[in-house]
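Note that the numbering runs from 1 along the sequence shown for the chain.
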Amino acid sequence: MKSDERYLKKLYTRRKRLVEELVEAAKDFYKAPTDEKRLKWKHLKRNIEETTPVFSEARKYLSVVGDKIPFFTLALMLCQAALLIIVCSILGLETGIQSYKKTEVNIPTLLGSEAFTVVREPNPWIGPSERFFWVAAAAVTLCMGGNSGSLAAAQHTRESKEATSDQNQQQEIGCCEMASHFNRAGSTTFADCIKMTTGLGQWRGGVLCSQRTAPNNQVAHVIKPCCEARTGTCRMLSHEHCVLIKGVFHIALDHCGQTNCLHALCRLKKNDMTAILPKDNRYLKLTWLDWFKWVFQSEKDRKRMLVAANSSDDASSNFEAPYQWWRLLTALPLTFGLLHLLLVVLLQVAIMLPVEMYAGWHRAMLIYVCSALAGEMMACSVEPSRPHVGSTGGAAGFISVALLELGQAWSFLPHPWRDAAGLAGVTLFFLLLGTLHLVSLASVLAGLVVGASVGLMVVPYITFGHRLRAVLVGLALFLAAEMVIHFCYTSALSPMSHLQSGLLNRLRRTIGNWECVPYSEQMCLTYTRT
C-alpha cells in the first residue's frame, strides 16, 4: 500500500512539473515563435503522454497486492474444456440456428396409424442437444424441486384409482381396447378411452391391460406411459410416438398414475434416452449420484428408498419432485458447446485472468461462483423447463468488475472513452448472446449485477475514494439483487406459493419474452411469448 502511494505521488509530482514546463514553453513560443521553441513544446507534450499509463497498467498501479499466479482461472478453463469434451463424446454434437420440423408416419395410436410432426430446436453452440444437458447435470428447475403439472396429474390419476371403490366408476382405471384390424390397447379411465378412440373403443373396468388373462388378452398392449422431456408431463403413447418426441417410455407400467416422470427424466444416465426402461422398473429410483442424498438421510429414509427401488408397484411410487439441489453446483463449469466455450474462455483470458493476478485467486473464485449461482437461479426462475449453466453468469460477473476498474482508473487513462466503448461493446455482445437459444439473458443480467456488487466488496483496489463506502454500496446492491433472485427462484419452484409477487412475475415475464428472440420466422418456434 505504501509503495503504491509513493509511486502515485511520484507520478503526480512529475506530471505537475512537466505541465508547468509545458505552460512556460507555450508562452515562450507564442511570444516569439521559433522552430526550437516549437520542438521543445512537442517534446514536453510527448513526455506528459508517456507518463500516463494505459488501462492494463492502471490496474497494476491501483493494486494493493503483487502479481499472483491465476490458479483458479486456469483450472476453471481446463475443467470447462475437459467437461465439454467428455459430454460431447458421450452425448454427441449437433448445430443449427433455425428450428426444424420432423414428421413420422405410421405412428401407432388407438385409432390406427397416424402421422405426427414435432418441432425441435437445434443447438447453435455446436454441442449436445438441449435434452442431453439434463443428463449432463445442468441446472433444471423441474429437477431441483420445481412444482410441475406432471406430478399433479400423476397424483390425481393415482387418487382417482384409489377412490374407485367409493366414487364414480368413470374415474376407474381400466383397459381401453380397439380390436379388429387396429389391434391396440392401453390402460386409461373411461373418459380418456372415449376421448382417445372417439367413442369407438371398448373399455373394461376393474382390470389393467397388463393384468388380462387368456382369452381376453388378444389385443396388443402398445399404449403405455411416456414422459415428455421438455415439460416433464406424462402421456399415454406408443413406443414409436414416444421416441419421436424424445421421451422416456415406461414399458413395464400401465398408466400415468404409476409414473413419476421427473425421477425418470432427471436421472444422469444416457440410457433413458432410448425410451426403453427395464421391465422391473427398479432403476427408476436410484442413480449413481444418489449417494449424495444417501449420506444425509436417516436409516428409516434409506430403508424406504430401498423398498421403492426394488418395487414396481405404483403404491410405492414417490410423487414428489426430485430435490437435486446439487445441480446448481455441477452446472457451474458447464458450457453449451464449442462456440460457447470459445467465447467464454476468450473473455476469461482477457478480463478474468488479469483480475485474478492482481486481486488473488480466492477473490476471483468468489466473484465467479456468486455470479454464476445468481445467473443459474434467475435463469431457472424465468425458464423452468430448460437447462442452464453457470459459465455465462460467471463471465458476465467479470465484465462488471472490468467496468468498475475502468471507473476507478478513469483519471489515469489517456483515452478512457475508448476503453469504455470497448467494454460497452463486450457487454452488449453478451446481452445479445442471451437472446439466442440455450444461453439465458436472465443469467447474463443477474451475473452483471451480482458481479458488480461482489467486486465492490472484495476487490481491494476498487475504492472510489473510500474503501468502506465501496464495501457498503456493494453489500447493499448484493443483498437487493439476491433478494429479488431468491424470491423469483422460490416462486418458480412453488408456483402456488404465498411468495408470488405481481412485480416479480412481470419481471420474469419481461425477461422471458427476450429469451431466444426470433430473428427469423424459423427461429425459436418452441418458445412461448406472454
Side-chain angles (χ1 to χ4, degrees), residues 54-87 125 127 137-139 328-376 388-406 408-409 419 422-423 425-427 429-430 433 439 443-444 446-462 474 478:
V54 297
F55 182 30
S56 59
E57 294 174 343
R59 178 193 286 119
K60 184 176 180 179
Y61 298 149
L62 294 169
S63 175
V64 297
V65 294
D67 291 353
K68 306 291 184 181
I69 299 177
F71 293 109
F72 176 72
T73 303
L74 296 177
L76 177 64
M77 292 189 294
L78 180 62
C79 182
Q80 288 172 336
L83 283 176
L84 183 62
I85 292 174
I86 294 173
V87 169
W125 309 105
L328 290 173
L329 302 180
T330 55
L332 289 177
L334 289 179
T335 54
F336 283 119
L338 300 176
L339 185 56
H340 188 214
L341 174 67
L342 176 63
L343 295 174
V344 169
V345 167
L346 286 177
L347 189 140
Q348 290 172 170
V349 171
I351 297 179
M352 181 176 172
L353 190 143
V355 170
E356 182 178 351
M357 290 178 63
Y358 302 124
W361 67 268
H362 53 295
R363 296 185 178 94
M365 182 177 68
L366 185 61
I367 295 171
Y368 180 87
V369 171
C370 290
S371 302
L373 286 175
E376 289 175 6
H388 302 285
V389 299
S391 56
T392 305
F398 279 90
I399 295 178
S400 295
V401 175
L403 291 171
L404 292 175
E405 288 182 334
L406 176 62
Q408 179 74 24
D419 296 304
L423 284 177
V426 173
T427 306
F429 178 71
F430 255 72
L433 293 183
V439 174
S443 180
V444 178
L448 288 172
V449 175
V450 174
S453 63
V454 178
L456 283 171
M457 289 190 291
V458 303
V459 179
Y461 54 82
I462 297 179
F478 178 79

Checking Val450 against Ser453 for the side-chain contact (heavy atoms from CB on, under 4.5 Å) test, could you report, in this order, the C-alpha distance in whole Å, the side-chain angles of both residues, the deciding distance, and whether it holds?
CA-CA 5 Å; Val450 174; Ser453 63; 4.3 Å; yes
Please report the C-alpha distance between Leu448 and Thr427 in whole Å, then the side-chain angles of each, then the deciding distance to 0.1 Å, and finally whether the side-chain contact (heavy atoms from CB on, under 4.5 Å) criterion is met.
CA-CA 9 Å; Leu448 288 172; Thr427 306; 4.1 Å; yes
Checking Val439 against Val389 for the side-chain contact (heavy atoms from CB on, under 4.5 Å) test, could you report, in this order, the C-alpha distance in whole Å, the side-chain angles of both residues, the deciding distance, and whether it holds?
CA-CA 8 Å; Val439 174; Val389 299; over 6 Å; no
Between Gln348 and Leu353, is a side-chain contact (heavy atoms from CB on, under 4.5 Å) present by the stated rule, with each step listed?
CA-CA 6 Å; Gln348 290 172 170; Leu353 190 143; over 6 Å; no
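From Cys79, atom SG reaches atom CG of Leu334 across 8.0 Å, with rounding to the nearest 0.5 Å. Atom NE2 of His362 sits about 13.0 Å away from atom CZ of Phe71, to the nearest 0.5 Å. Taken from CG in Leu403 to CG in Leu423, the straight-line distance is 5.0 Å, to the nearest 0.5 Å. Remark: Thr392 OG1 to Leu433 CG distance equals 8.0 Å, nearest 0.5 Å. With rounding to the nearest 0.5 Å, the separation of CG in Leu343 from CH2 in Trp125 is 6.5 Å. For the atom pair Phe398 CZ and Glu405 CD, the distance stands at 10.0 Å (nearest 0.5 Å).
When all heavy atoms of Ala374 and Ala446 are compared, the closest pair comes out as O-CB, 3.7 Å. Nearest heavy atom pair, residue Ser371 against residue Gly397, reads OG-CA, 3.5 Å. Minimum heavy-atom separation, Ala395 to Val344: CB-CG1, 4.5 Å. Across all non-hydrogen atoms, the minimal contact from Leu328 to Glu376 is O-OE1, 2.7 Å. Across all their heavy atoms, Ile462 and Val401 have their closest contact at CD1-O, 4.3 Å. A pairwise comparison of heavy atoms in Leu83 and Pro333 identifies CD1-CG, 3.4 Å as the closest pair.
Using a 4.5 Å heavy-atom threshold, the side chains of Met352 and Pro70 count as separate. Under the 4.5 Å side-chain criterion, counting only non-hydrogen atoms from C-beta, His340 is in contact with Ser391.
Under the 30°/60° scheme for interplanar angles, the aromatic rings of Tyr368 and Phe72 are found to stand perpendicular.
Panel note: side chain Glu356, backbone Thr73; a donor-acceptor pair is recorded below 3.5 Å.
A side chain to side chain contact (heavy atoms under 4.5 Å, CB included) with Val349 holds for exactly one of Ile351, Leu347, Val345; it is Val345.
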